[in-house]
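Notes follow once the structure below has been shown.
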Number of protein chains: 2
Amino acid sequence: MKISAQEEYGLRCLVQLAALGEGESLTLPQIAGREGISAANAGKLMWLLNKAGFVRAIRGTKGGYSLARLPGEIYLSEVIKILDADEINTHCESYTGVLDLCVHNGDCGIRPVIVGLHEIVQDALSQITLAQLVGTEAKVDERFHRIQGLKNRHVSV
Amino acid sequence: MKISAQEEYGLRCLVQLAALGEGESLTLPQIAGREGISAANAGKLMWLLNKAGFVRAIRGTKGGYSLARLPGEIYLSEVIKILDADEINTHCESYTGVLDLCVHNGDCGIRPVIVGLHEIVQDALSQITLAQLVGTEAKVDERFHRIQGLKNRHVSV
DNA sequence: GCAAATCTTTACTTTTATGTCAAGATTAGC
DNA sequence: GCTAATCTTGACATAAAAGTAAAGATTTGC
């Protein structure tokens with residue numbers, strides 16, 4: 001289970017925009033420079049994020065990208081859903097082996113686990129916004145654990 | 001965030017072995033047939049799983065594969081760690097863009113989320129054994145939700 | 001000890017994901 | 001309106017993952 005390059009870099013670019021002040025924006029070369037990727041690659045990612053409505057692009061001199069919504073209102077669950085092309089919904093069609101249809105189609109023993117894991121991850125991501133990813137690693141780490149800590153406190157059945 | 005082909009098919013092959021009775025085994029063509037993949041592909045996967053100690057292989061006529069441990073004692077967390085080549089430990093080295101080292105090396109705002117997600121997933125997988133994946137989808141689904149349900153019951157902070 | 005069945009291993013091919021490029025379109029400022 | 005800066009788009013190139021093939025090694029049973 002891994003995070004794709006598109007998810008990784010796409011999210012990082014968004015965090016750069018989330019760190020900007022009101023009215024500021026970044027050009028492709030600026031974003032690329034701050035993330036250590038090529039401007040062409042940043043362009044492709046921003047195109048996707050623009051299409052999905054996360055960012056607002058302005059062309060021409062003085063142009064650039066900025067977030068289309070407040071960083072505190074953009075949840076990672078939404079972002080990842082776009083950047084990983086909603087993978088969970090094509091999972092079973094992707095792993096059909098040499099056949100046209102998965103042999104387990106209709107009654108699959110591992111599907112509940114795949115789907116369940118995805119739900120767990122989406123649930124965790126739905127509690128984090130871009131705004132919470134701005135700052136030092138230590139700070140973000142603390143925020144993340146506080147949020148996750150809430151879920152498993154006082155477990156007794 | 002997606003599951004690789006190696007994880008998907010590797011796990012499925014293990015579940016086939018977990019469903020066997022005491023002393024039974026399956027050959028590569030049998031495993032391949034039951035999972036709808038080629039025997040060559042099954043061979044590669046079983047080789048990996050054998051190397052990792054999950055299965056026991058016997059060569060020659062009457063040979064085949066069987067689990068090296070009891071299905072109820074093989075946790076998905078261990079299996080996935082092998083099948084995804086322990087991805088989390090190479091994450092930061094994998095996404096360095098056009099540079100030799102990630103620009104965020106040492107202080108990364110999204111790393112806590114990547115690592116945290118991985119922990120959440122591993123935690124969920126560490127509560128499921130191969131034995132629990134044997135059976136109908138409905139049955140497995142029920143087991144999975146019972147296990148996960150336990151974690152979020154009585155949350156109050 | 002020979003033959004058939006089976007796993008093992010390495011090299012190769014194919015497919016998919018990633019990343020690059022170049023031409024086009026839009027805007028600001030002169 | 002012209003120029004420079006910028007985003008947009010589709011085609012292309014590269015790299016990584018997935019899958020295949022073939023030759024080798026081991027075991028059983030006759």
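Here is the naming used below: chain letters follow the sequence lines, and residue numbers restart at 1 for every chain. A quick note: this is a predicted structure, and the numbers were derived from the prediction, not measured.
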Hey, can you pull the donor-acceptor pairs under 3.5 Å for the side chains in residues 48-65 of chain A, sequence neighbours left out?
none

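Contacts classified as side chain to side chain donor-acceptor pair (under 3.5 Å) and involving residues 68-88 of chain B (residues at least two apart or in different chains) are given here: B:R69-B:E78, B:D86-B:N89. Residue pairs satisfying the ring pair (Phe, Tyr, Trp, His ring centres under 6.0 Å) criterion with at least one member in residues 105-129 of chain B, sequence neighbours excluded, are absent.
Under the 3.5 Å distance criterion, the side-chain polar atoms of B:Q6 are matched with a main-chain donor or acceptor of B:L83. In this structure a side-chain-to-backbone donor-acceptor pair under 3.5 Å is present from B:Q30 to B:T27. Judged by distance alone, with hydrogens and angles left aside, the side-chain atoms of A:S38 form a donor-acceptor pair with the main-chain N or O of A:N41 at under 3.5 Å. Without hydrogens or angle criteria, A:T136 side chain to A:K139 main chain gives a donor-acceptor distance under 3.5 Å.
Within the 4.5 Å cutoff, the side chain of B:P71 has no heavy atoms near those of the B:L14 side chain. Residues A:C92 and B:E8 are not in side-chain contact: their nearest non-hydrogen atoms beyond the backbone lie 4.5 Å or more apart. Inter-residue side-chain proximity for B:L11 and B:L133 is flagged as met; some heavy-atom pair is nearer than 4.5 Å. Within the 4.5 Å cutoff, no side-chain heavy atoms of A:V140 are placed close to those of A:Q132. A 4.5 Å side-chain heavy-atom check between B:L17 and B:S66 finds every atom pair outside the cut-off.
Between the side chains of B:S4 and B:E7, at least one donor N or O lies within less than 3.5 Å of an accepting N or O.
Of the residues in residues 3-10 of chain A, A:S4, A:A5, A:Y9 come within less than 4.0 Å of DNA chain C through at least one heavy atom, sorted by number. For DNA chain D, none of the residues of residues 20-29 of chain B falls under the heavy-atom distance limit of 4.0 Å. Listed in residue order, the members of residues 34-43 of chain A having a heavy atom less than 4.0 Å from DNA chain C are A:S38, A:A40, A:N41. Heavy-atom distances under 4.0 Å link DNA chain C to no residue of residues 78-102 of chain A.
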Discussion item. Generate the contact string for nucleotides 24-30 of chain C. Rules: B means base contact, S means sugar-phosphate contact only, - means no protein heavy atom under 4.0 Å.
Written reply: BBBBS--
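When the ring pair (Phe, Tyr, Trp, His ring centres under 6.0 Å) test is applied to A:Y95, the partners found at least two apart in sequence or on another chain are A:H91, B:Y9. For A:V121, the side-chain contact (heavy atoms from CB on, under 4.5 Å) partners are A:L125, B:M1, B:L117, B:V121, not counting sequence neighbours. Legend: residues meeting ring pair (Phe, Tyr, Trp, His ring centres under 6.0 Å) with A:H145, ordered by chain and number and at least two apart, are absent.
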Item to complete: Begin with the C-alpha distance, continue with both residues' side-chain angles, and end with the deciding distance and a verdict on side-chain hydrogen bond (donor to acceptor under 3.5 Å, both in side chains) for A:H104 and B:E35.
Response: CA-CA 8 Å; A:H104 301 294; B:E35 286 303 334; 2.7 Å; yes
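Protein atom CD of A:Q30 is 7 Å distant from nucleotide atom P of D:dT6, rounded to whole Å. Note: CG (B:L48) to C1' (D:dA18) measures 13 Å, nearest angstrom. One atom, CG of B:N50, and another, P of D:dT26, lie 14 Å apart when rounded to the nearest Å. D:dT6 atom P lies 15 Å from atom CE of A:M46, rounded to whole Å.
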Review item, nucleotides 10-13 of chain D N/O atoms under 3.5 Å of protein N/O:
none

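Scanning all heavy atoms of the two residues, the minimum distance from B:G106 to A:E137 falls at O-OE1, 4.0 Å.
Each of A:Y65 and A:K2 has a nearest nucleotide on DNA chain D; the 5'-most of these lies closest to A:Y65.
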